[in-house]
Amino acid sequence: MSMAIEIAGRVIGVGHPAFIVAEACDNHLGDTGVAREMITRAHAAGADAVKFQHHLPDEEMLPDAPMSDNFDEPLYEFLKKFALTLDQHRELKAHCEEIGILYMCTPFSYAAARELNTLGISSYKIGSGEMTDIPSLKRIADFGQPMIISTGMCTLDEIERTYNAVIARNSALALLNCVSEYPPDYEDINLDVITVMRKQFPDAVIGHSDHTPDLYTCFAAVTLGAAIIEKHVILDKTQPGPDQSVSIDFDDL
């Protein structure tokens, strides 16, 4: 059976209620008023945490990075316009603390993680794209906070390499099963990977990061032992944006 970790006093693991993360991603389009409303709605919906992203575009990609199918403009240009500043993150974290929901954030580079560390955050969520960046993950692990790492597109060997590198420095580790399709075909979800991960990585909590625009695979993931569910959220499902097609609204949450 997988172990448990603790984030800001909340025990997460098999035998405890699933830890629900509302992933705000960039659906706020850089507007802190919208982001604050997302926090308020996530709290009202009963989520344990609301998660944002800290992008320093020049630290994480080249300006001519290839276009993704779910974007209407280059990601570099999108992030230059809409990425939250550290001061905005500080404001949003304060709003979370004020209303009683956990603020979480994903850094997309070690430099971004180092900046977030100055805010005193209680965990680090690592996206699938950085899952094999072992040098950065080791340095982030040394901050001493729990780490939740998504595993989309990774082989089991790659997951094992990251698992061994991080667990040697920081025992508070969770790994999220993840399919990096936006949105995914249901026949590609392959939820039984959760069962495989629970057996193969016994010292990590196993969860599920879901990119479907509905709820069914989340319910199934929990029955298989997923102790964390991460779900993209958006205030209005008709709003255009790169994450619109993989997001649920707050009624669904």
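- In this structure, a donor-acceptor pair under 3.5 Å is present between the side chains of Asp214 and Tyr186.
- Residues His95 and Thr40 bring a donor and an acceptor atom of their side chains to less than 3.5 Å of each other.
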**Study point:** side-chain hydrogen bond (donor to acceptor under 3.5 Å, both in side chains) evaluation trace for Asp157 with Thr155
**Key:** CA-CA 5 Å; Asp157 285 346; Thr155 66; 5.2 Å; no
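- Asp192 places no side-chain N or O within 3.5 Å of a backbone atom of Thr195 that could act as its donor or acceptor partner.
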**Study point:** Criterion side-chain contact (heavy atoms from CB on, under 4.5 Å) on Phe52 and Ile39, from CA distance to verdict
**Key:** CA-CA 10 Å; Phe52 294 92; Ile39 292 168; 3.6 Å; yes
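- Look at Glu97 and Lys93 and you find a salt bridge, because one of the NZ, NE, NH1 or NH2 atoms lies within 4.0 Å of a carboxylate O, short of that distance.
- Here the closest non-hydrogen pair linking Pro107 and Leu116 is CB-CD1, 3.9 Å.
- Between Asp210 and Tyr216 the shortest side-chain heavy-atom distance does not fall below 4.5 Å.
- Here the CD1-CD1 distance, from Ile194 to Ile189, works out to 9.5 Å after rounding to the nearest 0.5 Å.
- In this structure, Leu137 is a member of the same hydrophobic cluster as Phe143, with clusters built from ILVMFWY side-chain heavy atoms closer than 4.5 Å.
- Follow the hydrophobic side-chain contacts under 4.5 Å out from Ile149 and you reach Ile167 in the same cluster.
- Minimum heavy-atom separation, Ala42 to Leu253: CA-CD2, 4.0 Å.
- Residues Ile140 and Ile126 form a side-chain contact, since some pair of their non-hydrogen atoms from C-beta on lies under 4.5 Å apart.
- Using modelled atom types, one side-chain atom of Thr162 and one backbone atom of Met131 make a donor-acceptor pair closer than 3.5 Å.
- Annotation: the span from Met104 atom CE to Ile121 atom CD1 amounts to 8.5 Å, rounded to 0.5 Å.
- Proximity of a side-chain donor or acceptor of Gln239 to a complementary backbone N or O of Asp236 within less than 3.5 Å is not detected.
- With Arg198 contributing its side chain and Leu224 its backbone, the two residues share a donor-acceptor pair below 3.5 Å.
- Between the Ser209 side chain and the Ser150 main chain, no donor and acceptor come within less than 3.5 Å of each other.
- In this structure, the separation between SG on Cys105 and CG on Leu92 is 9.0 Å, given to the nearest 0.5 Å.
- A distance of 8.0 Å separates OG1 of Thr32 from CG of Leu84, quoted to the nearest 0.5 Å.
- Formation of a donor-acceptor pair under 3.5 Å by the His43 side chain with backbone atoms of Ile99 is found in this model.
- No continuous path of ILVMFWY side-chain contacts below 4.5 Å connects Leu62 to Phe108, so the two sit in separate hydrophobic clusters.
- In this structure the side chain of Leu173 never reaches within 4.5 angstrom of the side chain of Ile5, judged on heavy atoms.
- Under the 30°/60° scheme for interplanar angles, the aromatic rings of His89 and Tyr103 are found to stand perpendicular.
- Linking ILVMFWY side-chain heavy atoms closer than 4.5 Å, directly or via other members, places Val222 and Val179 in two distinct hydrophobic clusters.
- Between Arg139 and Asp142 there is no salt bridge, since no side-chain nitrogen of the basic residue lies less than 4.0 Å from a carboxylate oxygen of the acidic one.
- Ser109 and Glu59 share no donor-acceptor pair across their side chains, judged by distance under 3.5 Å alone.
- Considering all non-hydrogen atoms of both residues, Met3 and Ala204 come closest at CG-N, 4.0 Å.
- The closest donor-acceptor contact from the side chain of Asp48 to the backbone of Ile101 lies at 3.5 Å or more, if one exists at all.
- Across all their heavy atoms, Leu191 and His208 have their closest contact at CD2-CE1, 3.5 Å.
- Neither side chain, Ser247 nor Lys237, offers a donor N or O lying under 3.5 Å from an acceptor on the other.
- Annotation: side chain of Asp249 is not in contact with side chain of Leu235 (no heavy-atom distance under 4.5 Å).
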Exercise for review: Report the C-alpha separation of Val50 and Val233 in whole Å, then their side-chain angles, then the decisive distance to 0.1 Å, and conclude whether the side-chain contact (heavy atoms from CB on, under 4.5 Å) test is met.
Suggested key: CA-CA 9 Å; Val50 58; Val233 291; 5.6 Å; no
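- At a cut-off of 3.5 Å, with distance as the only test, a side-chain donor of His54 or Glu115 sits close to an acceptor on the other residue.
- Counting heavy atoms from C-beta on, the side chains of Thr118 and Leu86 come closer than 4.5 Å.
- With a 4.5 Å cut-off on side-chain heavy atoms, His211 and Cys178 count as touching.
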Point to revise | Verdict with reasoning, Ile248 to Ile234, per side-chain contact (heavy atoms from CB on, under 4.5 Å) | key: CA-CA 6 Å; Ile248 59 171; Ile234 194 167; over 6 Å; no
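- Side-chain N or O atoms of Asn164 include one that pairs as donor or acceptor with a backbone N or O of Glu160 at under 3.5 Å.
- The closest side-chain heavy-atom distance from Phe19 to Ile229 is not below 4.5 Å.
- If you take CG on Leu176 and OG1 on Thr151, they are separated by 7.0 Å, rounding to the nearest 0.5 Å.
- You'll find the side chain of Ser122 reaches within 4.5 Å of the side chain of Leu102, heavy atoms only.
- Between Arg10 and Ala18, the closest heavy-atom pair is NH2-O, 3.2 Å.
- We find the OG1-CD distance between Thr85 and Glu91 to be 8.5 Å, quoted to the nearest 0.5 Å.
- Under the side-chain hydrogen bond (donor to acceptor under 3.5 Å, both in side chains) test applied with Glu23, the options Lys231, Gln53, His232 reduce to a single match, Gln53.
- Val14 is not connected to Val11 by any chain of hydrophobic side-chain contacts under 4.5 Å among Ile, Leu, Val, Met, Phe, Trp and Tyr, and they are in different clusters.
- Asn117 and Tyr124 form a side-chain donor-acceptor contact under 3.5 Å, judged by distance and modelled atom types alone.
- Contact detail for Ala141 and Met147: the closest heavy-atom pair is CA-SD, 3.4 Å.
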Review point. side-chain contact (heavy atoms from CB on, under 4.5 Å) between Ile228 and Val205: does it pass, once the steps are laid out?
Key: CA-CA 8 Å; Ile228 301 170; Val205 169; 4.3 Å; yes
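- A donor-acceptor pair under 3.5 Å is formed between the side chain of Glu181 and the backbone N or O of Asp185.
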